[in-house]
There are 2 protein chains.
Amino acid sequence: MPFEDKKKSRVTLLDVARRANVSRATASLVIRKSPLVGTETRARVEEAMRELGYVYNMGAARLRAERSHTVGVIVPNLTNPFFAELLSGIEAVIDSAGMVVILANSGDLVERQDMVMRRMREHGVDGVIVCPAAGTEPAFLHQITEWDLPLVQVLRQISEEVDYAGSDYAAGMRQAVDYLASLGHRTIAFAVHGPIHSAYRERVEGFCDAMQSRGLDPNMIVRLPNQIGEIADAAHLLFSEGKQPTAVICFNDVIALGLSAGLYDRGLKVGENFSLIGFDDVTDAEAMRPRLTSVSTAPVTIGANAARLLLDRLTDPLRPARRVVNETILHIRQSCGPIAISA
Amino acid sequence: MPFEDKKKSRVTLLDVARRANVSRATASLVIRKSPLVGTETRARVEEAMRELGYVYNMGAARLRAERSHTVGVIVPNLTNPFFAELLSGIEAVIDSAGMVVILANSGDLVERQDMVMRRMREHGVDGVIVCPAAGTEPAFLHQITEWDLPLVQVLRQISEEVDYAGSDYAAGMRQAVDYLASLGHRTIAFAVHGPIHSAYRERVEGFCDAMQSRGLDPNMIVRLPNQIGEIADAAHLLFSEGKQPTAVICFNDVIALGLSAGLYDRGLKVGENFSLIGFDDVTDAEAMRPRLTSVSTAPVTIGANAARLLLDRLTDPLRPARRVVNETILHIRQSCGPIAISA
DNA sequence: CTTCGCGTTTAGATCGATCTAAAAGCTTTT
DNA sequence: AAAAGCTTTTAGATCGATCTAAACGCGAAG
């Protein structure tokens, strides 16, 4: 560390300029790596910056240049590992573009979502990636674009006119149904929970379509508690009203984990006399016993896609809205088996 | 939405002032809720703000006022649900203080940590909460405080002279060892993985101390792979070199989940003829079968504590460093049992 | 009538960068 | 030698708020 003036206030571009015997303007060109400035001068300025321990003041720059190098990210729930992975994918891409992520949690509540969106505007983010809270109106998103704030919706699609990154949930459901059908299952339940939003509806519709196109009854949709600890004890709901499913597809891996436990408690052997398919394929799937067969939606990839969509839109705000929907992959492990002959 | 000038550039405080027939200065006092301004005037200004759809420009304010209402958070790994919960606790407290979180991922690499810390400084954060990457030198943290940047270390303690929020890992280990000992276990392994840092050392030392103070051999420390999928297949390492532990304490719940599967694969019945204790007590613990007994470190609480420490320091930068160490709780479920008589 | 005090309002400088348009150097033409 | 054409550098205005110190209006005190 070379000698610095600690007691004095922060060192500014003007200080650097003086030390290097150039003007403020020239120094500014150097930091921004403009090709205009001469090689020798550039070296002198960079040397001065190092000597003085200069740090760029983004805030001042943003005021003039109208770019904050900042991206807002709004998610409905941070504690869910799925969103954590999503966030990780977003952060990686945004970071490598030299920008930073401003994070906010909407708690899946539209009022809080309004709040944090206002805050993001005040902080002057260059754009926003939002997983819209359940119940979000298209008007909310249109409002944002009318503010000229670049926007990407992720995971949940509210408006056709706004960029979207997600996964092909319906196709994923079809993969799950097809796989179970190929094993001989004909009575298949669908276990759901959580708030109702587009991703929810896509999965439900995907399930129903896939079942119907095979002539199977799509009406065994069972709603389970949201709390992970309560799911296991609700496993009996699968068999209420005299239904006898031989397999269940889960809305996500959290449910699959809970039901796996609940079915075990009831003496059923998952993968032998009962089949279970998860959705999302989070890291735990591999560590469960039996290993969970799950439809992989690759949250990190979705996050990265969303971030790239936003970066593209930043460079061209007028480009028409795009959808980036990545393919799901059925990851077959051990939690499904052929239908038991006896049943 | 009242009539706005969409095509024109953003509406500024001066516009508001003009509309309300006051000066820029008065309008400024109104937004900042100063008691100086008259009731009637305040109402008129607020009305004008509403009519024009004014949004506060934090960037401009920060430049003058030297406060950005922004807090940097640096974590080593976002995909780990433990850090996601930690982040959630931080975000909630920071948000309710009217500030926002700027997020960065160090990937547990000191070079990247340097990078992102620089970026945070450039963005003018008011303070930083950092879970230091493995191998972080105390000098790194001291450097930050010399920059007059309020700082809190979370989960991992590098320097005594900097605020710290964490959990009493050593006490947690003692709880685990005591519990197993009370069930009659005498040969207890400790399964670890991951990078070496203060939290790692605290747990190892806590384990060794607790074992020794009961006259038990503390040398059965077994290192497992970092990848969750590989942990199960490494369960045999517990029994290498002819050792015959009857119980294992895990460094975290990720290992516990993996080992639970691996032990199952080897035909051992966890909770009956083998005992398993996790550490952290993440949400999955409840959903495992058998339900995982785990030492709860309450990541959300730690995060909230860290955020509060930072807010306190923001208001009083000279206050001496504090440590907020929250108590662990042994959450007893089903994965431990009395030592098998036959053994 | 002037002075003082008090609550309210304001003009003008300021924060630290960027941007524009023009100037200063330098070489090459005419 | 002057003009033209480069490349490189610069002065000064500017972004939108905050801060300081002074002014203003008005009733009470001297």
Side-chain angles (χ1 to χ4, degrees), chain A residues 5 8-46 48-49 52-70 98 119 121-126 148, chain B residues 5 8-46 48-49 52-70 98 119 121-126 148:
Chain A
D5 264 298
K8 277 286 157 205
S9 57
R10 78 148 21 93
V11 24
T12 147
L13 199 49
L14 185 57
D15 300 325
V16 172
R18 272 199 279 256
R19 158 84 86 151
N21 272 320
V22 295
S23 74
R24 203 161 66 259
T26 310
S28 176
L29 291 176
V30 172
I31 358 173
R32 283 178 289 154
K33 309 200 190 305
S34 157
L36 289 176
V37 54
T39 336
E40 198 273 333
T41 316
R42 150 163 296 124
R44 218 165 61 239
V45 173
E46 279 170 348
M49 286 173 40
L52 296 174
Y54 170 75
V55 286
Y56 187 59
N57 185 333
M58 201 61 117
R62 113 176 12 176
L63 181 56
R64 189 71 234 271
E66 310 266 79
R67 279 219 43 195
S68 67
H69 295 270
T70 276
R119 198 110 86 193
R121 280 229 289 164
E122 292 183 346
H123 278 275
V125 294
D126 290 337
D148 285 325
Chain B
D5 264 299
K8 279 283 157 206
S9 59
R10 81 150 16 97
V11 24
T12 148
L13 199 48
L14 185 58
D15 300 327
V16 172
R18 271 199 281 255
R19 158 83 87 150
N21 271 318
V22 295
S23 75
R24 202 162 68 258
T26 309
S28 176
L29 291 176
V30 172
I31 359 172
R32 283 177 291 153
K33 309 201 190 307
S34 158
L36 289 176
V37 55
T39 334
E40 200 272 332
T41 317
R42 152 163 295 125
R44 216 165 63 240
V45 173
E46 279 169 348
M49 285 172 42
L52 297 175
Y54 171 75
V55 285
Y56 187 60
N57 184 333
M58 203 59 118
R62 114 174 11 175
L63 181 55
R64 189 73 234 273
E66 311 268 77
R67 279 215 50 190
S68 68
H69 295 267
T70 276
R119 198 112 83 192
R121 280 230 288 166
E122 292 182 346
H123 278 275
V125 295
D126 290 337
D148 285 324

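Please read all numbers here as calculations on a predicted model, not as lab measurements. Note: hydrogens, waters and symmetry copies are ignored here, and every other heavy atom, side chains too, is used. So you know, we letter chains A, B, ... as the sequences are listed, proteins then strands, and number each from 1.
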Enumerate the protein-to-nucleotides 19-24 of chain C contacts in which both atoms are nitrogen or oxygen and the separation is below 3.5 Å.
residue, atom, partner, partner atom, Å
dC19(C), OP2, Arg32(A), NH1, 2.6
dC19(C), O4', Arg64(A), NH1, 3.3

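Across its full length, the helix from dC1(C)-dG30(D) to dT30(C)-dA1(D) shows an angle of 80° between the axes of its 5 terminal pairs at either end, rounded to 10 degrees.
Atoms CG (Asp15(B)) and P (dG16(D)) sit 9 Å apart, rounded to a whole Å. The CD atom of Glu122(B) sits 11 Å away from the P atom of dT18(C) (whole-angstrom rounding). Distance, Leu13(A) CG to dT14(C) C1': 17 Å, rounded to whole Å. Put simply, OH on Tyr54(A) is 10 Å from P on dG16(C), counting in whole angstrom units. Put simply, CZ on Arg67(A) is 16 Å from C1' on dA17(C), counting in whole angstrom units. In this entry the distance linking CG of Asn21(A) with C1' of dT10(D) reads 14 Å, nearest Å. Computed from coordinates, the Arg44(A) CZ to dT8(D) P distance equals 14 Å when rounded to whole Å. One interatomic measurement links the two molecules: CG of Leu29(B) to P of dT10(C), which rounds to 10 Å at whole-angstrom precision.
The two residues Ala48(A) and Ala20(A) come nearest to each other via the heavy atoms CB-CB, 4.0 Å. Here the closest heavy-atom approach between residue Leu13(A) and residue Arg24(A) is recorded as CD2-O, 4.2 Å.
In terms of position on DNA chain C, the residue among Tyr56(A) and Leu36(B) whose nearest nucleotide sits closer to the 5' end is Leu36(B).
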- Message: Apply side-chain hydrogen bond (donor to acceptor under 3.5 Å, both in side chains) to residues Asp126(B) and Ser68(B) and explain how you reach the verdict.
- Response: CA-CA 6 Å; Asp126(B) 290 337; Ser68(B) 68; 3.2 Å; yes
- Task: Step by step, work out the salt bridge (charged side-chain N to carboxylate O under 4.0 Å, His left out) result for Glu40(B) and Arg44(B).
- Result: CA-CA 6 Å; Glu40(B) 200 272 332; Arg44(B) 216 165 63 240; 2.8 Å; yes
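For the pair Arg42(B) (side chain) and Ser34(B) (backbone), a donor-acceptor distance under 3.5 Å is present.
Tyr56(B) has its side chain within reach of Ile31(B): a pair of non-hydrogen atoms, C-beta onward, lies under 4.5 Å apart. At least one side-chain heavy atom of His69(A) sits less than 4.5 Å from a side-chain heavy atom of Met58(A). For the pair Glu122(B)/Asn57(A), no side-chain contact is recorded, criterion being any heavy-atom separation below 4.5 Å from C-beta on.
The shortest distance between the side-chain N/O atoms of Ser23(A) and the OP1/OP2 oxygens of dT10(D) is below 4.0 Å. Residue Thr12(A) places at least one side-chain N or O closer than 4.0 Å to OP1 or OP2 of dA17(C). OP1 or OP2 of dT8(D) has not a single side-chain nitrogen or oxygen of Thr41(A) nearer than 4.0 Å.
Qualifying side-chain hydrogen bond (donor to acceptor under 3.5 Å, both in side chains) partners for Ser28(B), counting only residues two or more places apart in sequence or in other chains: Arg32(B).
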